[in-house]
Structure formats: structure tokens, C-alpha cells
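A short worksheet on the structure shown next.
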Amino acid sequence: MAANYLWVRSALLSLQAFTEKMPRVRPFYAVKCNPDPVMLRVLANLGCGFDCASAKEMATVLDMGVEAESIVFAHPCKRPLDLEFAIETNVTRMTFDCVDELEKVAAECPHAELVLRIRADDPSAVVQFGHKYGADPQTEAPMLLAAAKQLEMNVVGVSFHVGSGSQSCDAYPLAVEAARRVFDQAADLGYEMQLLDLGGGFWGRFDATGHVPLEDVSEAINSALDRFFPVNSSGRKVEVIAEPGRYFAEACTTMYALVTTVKDRPDGSRSYYITDGVYGSFNNLVYDHGSVTAKVLRGPGMPPVQPVETETRLPSTVFGPTCDGVDLIFKDVPMPLLRRGDWLQFPNFGAYTIAGACAFNGIPVDNPDIMYVWSEEPTGSWEHSVAMLRKGADKDNPALQAPEHHLCFVADLHDLESIC
Ligand SMILES: Cc1ncc(COP(=O)(O)O)c(C=O)c1O
């Protein structure tokens, strides 16, 4: 009963914008952000690489025909079974940030192409990683490089993650500069590193004209690359990749949830119960510091409601569908009066949402119906999208060489049609 509308074309537009703005940087989509099979397929067909954190993620993209060289196993503290899978499938590029991991990889996978993850925090990023991953570039990196040398391991590059939802244009240039210093330390030990991995952190919303506004951050990154990793006179340059997740996944998905129960409270406020919640896509409220913007969609065939200008608004609390009290989406927000059968629409809901959902209470909020749409418009009107899909338009688009059933509407159309 919860449903997602996934605007597949956004993958193409986001990828084009990324490579136009940062021609030296090849994106490796962070699968963890939203492992939707159609998104992955489209990105793979368009030449994107993949950042995988586990055997499952590696298997998913390898099964799509992605080459092992187009995968970076970017988990600095790997589980044994994931490492085993990487070895079996020849995924050799992998990150590390401590001696124990180095020893583990040296013992199991001596031919690994190691990437040293350094700490490079943007304090204003929405989600921080520095307390968990990343070696200090000044104090720890030299020691780790020396340890790697002693173990005769091949360290091929440096990675970092400035934090998810980075807000500052300074974060990447500072991190690139720190990476340069680590490259130089490595050169002193005889390493000739060739890979710089900028990690994730990029925002990805379309502006009013349908463009992804990447200007400021891309200019900052490009000039840092030119300064610290210039192309040398013989044309030789360091390979630069990034691991954007949110950038690709956030704006592509609009989520819809149905109002199933309305409760009038003695204090004059109201509670609503909807078909998705904190155990579903709204897990982002807990894990991703998510915020919620909702639009009300009236079910057709129901009595008319008050015009927006004069409508009554009551303090309203919206709960998810499980029996757990923490399954609360927002509290005491003034909202127009909803009826059972109305819908709430949540835009920009594709990043770190469905990826973290589970089926607690036997309610399959981790498996919403998904409607895949390949429309021209940045947001695609609902009517237009449904019409396009009915006509089967764009099924022949070469970027979308996904299995037929992925391109069809797999939701319960009856429910979603009632939105328009
Ligand atoms: C190693 C790594 N790379 C990339 C990403 C994607 O980050 P973002 O969604 O901010 O681009 C993450 C997110 O957790 C990550 O852990």
C-alpha cells in the first residue's frame, strides 16, 4: 500500500551533469544508498562504476554484467565472508584504515589493490563518518603505509568521505590536499599510487530548470585536482573516482502512503495512521537525520474538501503502520483535515530510505510497489507518467536495457491511479 514512483531518467541526467561538471571524475554509485535494480541497471549501462560494501552488493552488480574493475569494495573494516567473496570474484580494489585490516587483507588477499581511507570531515555534513572510519592523514597514514610496505602489500591510492550531505565547498579541496600529502608520503616509501577516490557526500536535487546544481562544489574539486594532481607533461594522470550515493538516489523517488485511520483526540488534535513508517522508508528519520515534506493528495470519488485558502488546520500527528510507539513520522504539525483514503506524497525520498526498511510486524514496508517512469520532465506530472507508462513509451530507450518486467508498472495501479 505504500508505493514509490521512481523517475528513472534522473539517473541519466544526474550522470550527465556529474561527468560534464567534473570530467576527470568517474562516479562509482554507492549501492547502499538505494539498491533499486532498475537504477543500478541504468547506471551500469551508462558506464557508471559501483561502490559496494558487501558480498550481496557485489553479487548484485556483477550479475548485471559489471566488470570487477568497475567495483570498489569501499568498506574499511570488512567481514570475512565479504572479503572471501571479493577474492572469489576478483574484486581487488578495497579500502583499509587500520593495521588490523591491513593484516587481514594481507593474509587473505595478498594481491589486493589497497586504497588508504583517510579522515577528512566536513563538520557541516548531515551525516558524519570521521569518528568511525578514516586514518588521520598526518599521524596515522605514514605508519599505515610503512606497515603495508613491510607486509609487501600494494597500496594504489587514497580515499576519503567528507560526510554525507556535505554543505561546504571547502571540504573536498582540503581533503584533496591532504590526499596529495599522503601520495607524497607513499612515494617516499617507493609506492607509485594511481587512484584518488573522492568518496560520496554530494547533494543531488534538481533545480527548477531540471539541472542538478553542482557548480560550486565541482569548480572547487576541479581546481583542487588541477592544483594537487595535475596532468603531467606526458599526459599521465592519477585516476580519479567518487562514490556518490545520495546524489543519484535522492531526487529520483517520490513516495506515496495511504491514510488508513483517522483519530480525533480529546484535546482537539488529530492522529493519522499511514501505510509507511519508521520501519519502512522513514527509517531515514532515525539513521539519516532525514526531514519530511509532505503534500496531501485527495482520493477521488470522495466529498470535496475546503478550498486551501479557508481550510481548517489542526495539530496533526502522523504515525506509521506498526504497533510500535516509536513509529511516529511527525507530531503536532498543523495540517489540513485528512480523510481515510487520502494520500500523502513525499518527494525526494530515494536516498537511505527504502534501503534500510524492514518488514517488522509482518508489514512489508520494505517492499513497496514501484512505478518506473522515464519522462522528460524533472518531476514528471502524475497524469503524464501514468499515460506514458500505459503507452509503454520509451521502452526501447537503449539506456534502459533492463528486463521487460522492470519497465512495466509493478504497483497496484488501482491504488495509485486514485491519486490523480
Ligand atoms: C564508503 C562510502 N562511500 C560512499 C557513500 C555514499 O555517500 P553519499 O550518499 O553521501 O554520497 C557512503 C555512505 O555511507 C559510504 O559509506
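Quantities reported herein were computed from a predicted structural model and do not represent experimental measurements. Whatever order the structure lists them in is the order used to number ligands and atoms, beginning at 1. Numbering starts at 1 and runs along the sequence shown.
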* Is it true that the side chains of Tyr279 and Asp324 contain a donor and an acceptor less than 3.5 Å apart? -> yes

* Structure fact -> Quick look: Tyr133 vs ligand 1, heavy-atom contacts under 4.0 Å, and the answer is neither

* Asked: Does the N or O separation between Gly201 and ligand 1 drop below 3.5 Å for any pair?
  -> yes

* Asked: Are the aromatic rings of Phe73 and Phe85 close, with centres under 6.0 Å apart?
  -> no

* For Tyr352, take its heavy atoms, then give the atoms of ligand 1 lying under 4.0 Å from any of them. => 6 (C), 7 (O), 8 (P), 9 (O), 13 (C), 14 (O)

* Asked: What residue and atom, counting heavy atoms only, is the protein's closest point to atom 10 (O) of ligand 1, and at what distance?
  -> Ser164 OG, 2.5 Å

* Asked: Identify the closest protein heavy atom to atom 15 (C) of ligand 1: which residue and atom is it, and at what distance?
  -> Lys32 NZ, 3.3 Å

* Starting from atom 3 (N) of ligand 1, find the nearest protein heavy-atom neighbour and note its residue, name and distance. => Glu243 OE1, 2.6 Å

* Structure fact -> atom 7 (O) of ligand 1 has as its nearest protein heavy atom His161 NE2, 2.9 Å

* Asked: Rounded to the nearest 0.5 Å, what separation is found between the OH atom of Tyr272 and the CG atom of Leu314?
  -> 6.5 Å

* Once the angle between the rings of Tyr133 and His75 is folded into 0 to 90°, is it parallel (under 30°), tilted (30 to 60°) or perpendicular (over 60°)? -> perpendicular

* For ligand 1, which atoms sit closer than 4.0 Å to a heavy atom of Arg246? -> 8 (P), 9 (O), 11 (O)

* Asked: Name the one of Asp216, Asp122, Leu174 that satisfies side-chain contact (heavy atoms from CB on, under 4.5 Å) with Ser168?
  -> Asp122

* Asked: Which ligand 1 atoms, with their elements, are less than 4.0 angstrom from a heavy-atom of Ala74?
  -> 1 (C)

* To do: Show which atoms of ligand 1 fall inside a sub-4.0 Å distance from at least one heavy-atom site of Pro244.
  => 11 (O)

* Asked: Which ligand 1 atoms are under 4.0 Å away from a heavy-atom of Ala30?
  -> 4 (C), 5 (C), 6 (C)

* Spacing of Met153 atom CE and Glu113 atom CD [to the nearest 0.5 Å] -> 10.5 Å

* Are any of the N or O atoms of Asp51 closer than 3.5 Å to those of ligand 1? -> yes

* Arg117 heavy atom under 4.0 Å from ligand 1 -> yes

* **Derivation of the side-chain contact (heavy atoms from CB on, under 4.5 Å) call for Leu214 and Met22** => CA-CA 9 Å; Leu214 260 183; Met22 292 177 282; 4.2 Å; yes

* To do: Decide yes or no for Asn34 and Glu250: does some side-chain heavy atom of the first lie under 4.5 Å from some side-chain heavy atom of the second?
  => no

* Would you call the rings of Tyr273 and Phe319 parallel, tilted or perpendicular, where under 30° means parallel and over 60° means perpendicular? -> parallel

* With side-chain contact (heavy atoms from CB on, under 4.5 Å) as the test, would you mind laying out the steps for Arg270 and Val262 before giving the verdict? => CA-CA 7 Å; Arg270 274 193 155 189; Val262 177; 3.7 Å; yes

* By number and element, which atoms of ligand 1 are closer than 4.0 Å to a non-hydrogen atom of Gly245? -> 6 (C), 8 (P), 9 (O), 11 (O)

* Asked: Which residue supplies the protein heavy atom nearest to atom 14 (O) of ligand 1, what is that atom called, and how far is it?
  -> Phe129 CZ, 3.3 Å

